[in-house]
Protein chains: 2
Amino acid sequence: VRGYAGSSAGVAIVDTGKGNIQGVVRFVQVAPSSCIIDGTIDGLEPSAEYKLTVNECGDISQGCESVGGVYQPLQDGEGRPYGDLGVFKTGNEGRATFKKEDNVLNLPEIIGRSLVVNSGEKRLVCGIIARSSGLFQNPKTICAC
Amino acid sequence: VRGYAGSSAGVAIVDTGKGNIQGVVRFVQVAPSSCIIDGTIDGLEPSAEYKLTVNECGDISQGCESVGGVYQPLQDGEGRPYGDLGVFKTGNEGRATFKKEDNVLNLPEIIGRSLVVNSGEKRLVCGIIARSSGLFQNPKTICAC
Ligand SMILES: [Zn+2]
Ligand SMILES: [Zn+2]
């Protein structure tokens, strides 16, 4: 974890779970209080709403049931739950694409945890948030993470 | 990443790759210079030798080819490559079980990267190193990671 020397990037392949739901979500921390979240998820119901959360652990040994609850550092008692990334909507074909800026997330803090797609209280699909090569990496380094 | 307040634990499910090779490897950082690595891997050749490495990224979007090289922080010019965890041997049935102490690894530094099982120069199977609930976690916290 190298702080903000350059930007850091992460990726979650969300394909652990039931059915044909799968997607890729990328994270780029462009400034200390700005994390860009960019994703495409397929196989969902058309014109429906889902909630995206960062959950505590990345242990998918029992699928999405072993990743713990929505991540909330103990010291943060105010504001939204840290790991609550809000809702997104699908189009006619059951695909969702979204790109948003999050001012709460700090990428190094969520690396190794999991990203979960929820329908109401049900966890549909999840994936580990991994380090990826930075989009804006220093050309002299192989990998920005 | 909470340093050494209690121990931290990680898990890699190595099942991305060709064939029927799969396994689970757990990491517990029990002291600043002691990380216990405990794993079982199945589906390998009987009585053969494999190399275990931590690779730079955890981006498995192109399987084990997109995880970068063996992890080696730029500032560390001496000693073994940081991510080189050495070799392990399988038994008659193509299963390997190992438990060892590593005095170089620092778990927070490898979370979100990948664990790769190599045969010679070939990457056979890999998985993201994720945060898991701590084995020795404080009973007041849900998760030690
Ligand atoms: Zn990387
Ligand atoms: Zn945990």
Side-chain angles (χ1 to χ4, degrees), chain A residues 1-3 5-6 8-16 22-27 40 54-63 66-75 83 106-115 126-135 137-138 140-145, chain B residues 1-3 5-6 8-16 22-27 40 54-63 66-75 83 106-115 126-135 137-138 140-145:
Chain A
V1 179
R2 294 186 192 163
S8 58
V11 60
I13 297 172
V14 286
D15 64 358
T16 295
Q22 61 170 335
V24 177
V25 179
R26 293 189 177 271
F27 299 82
T40 301
V54 174
N55 283 232
E56 258 189 87
C57 299
D59 183 346
I60 54 168
S61 58
Q62 263 93 256
S66 44
V67 300
V70 175
Y71 178 54
Q72 171 74 319
L74 294 178
Q75 60 273 26
N106 176 23
L107 189 54
E109 182 67 20
I110 65 167
I111 290 287
R113 305 189 191 279
S114 57
L115 185 69
C126 62
I128 302 164
I129 303 169
R131 301 186 201 222
S132 72
S133 298
L135 293 178
Q137 70 192 66
N138 182 329
K140 288 196 180 169
T141 66
I142 296 165
C143 172
C145 71
Chain B
V1 177
R2 293 187 193 164
S8 58
V11 61
I13 297 173
V14 286
D15 64 359
T16 295
Q22 59 171 336
V24 177
V25 178
R26 295 190 175 270
F27 299 83
T40 301
V54 174
N55 282 232
E56 260 189 85
C57 299
D59 183 346
I60 53 167
S61 56
Q62 263 94 254
S66 45
V67 300
V70 175
Y71 178 53
Q72 171 74 318
L74 294 178
Q75 61 273 26
N106 175 23
L107 190 54
E109 182 68 18
I110 64 167
I111 289 288
R113 304 189 192 279
S114 57
L115 185 69
C126 63
I128 302 164
I129 304 169
R131 300 185 201 224
S132 73
S133 299
L135 293 177
Q137 71 192 65
N138 181 327
K140 287 195 181 173
T141 66
I142 296 165
C143 172
C145 70

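Chain letters run A, B, ... following the sequence lines, proteins first, then strands; residues in each count from 1.
- Residue contact with chain A, scored on non-hydrogen atoms closer than 4.5 Å, is absent for B:Val24.
- Considering every non-hydrogen atom in both A:Cys57 and B:Ser132, the closest pair reads SG-C, 4.0 Å.
- Residue contact with chain B, scored on non-hydrogen atoms closer than 4.5 Å, involves the backbone and the side chain of A:Ile128 alike.
- Nearest heavy-atom pair across A:Ala130 and B:Gly58 is CB-O, 3.1 Å.
- Note that the CD1 atom of B:Ile111 and the CZ atom of A:Arg131 stand 8.0 Å from one another [nearest 0.5 Å].
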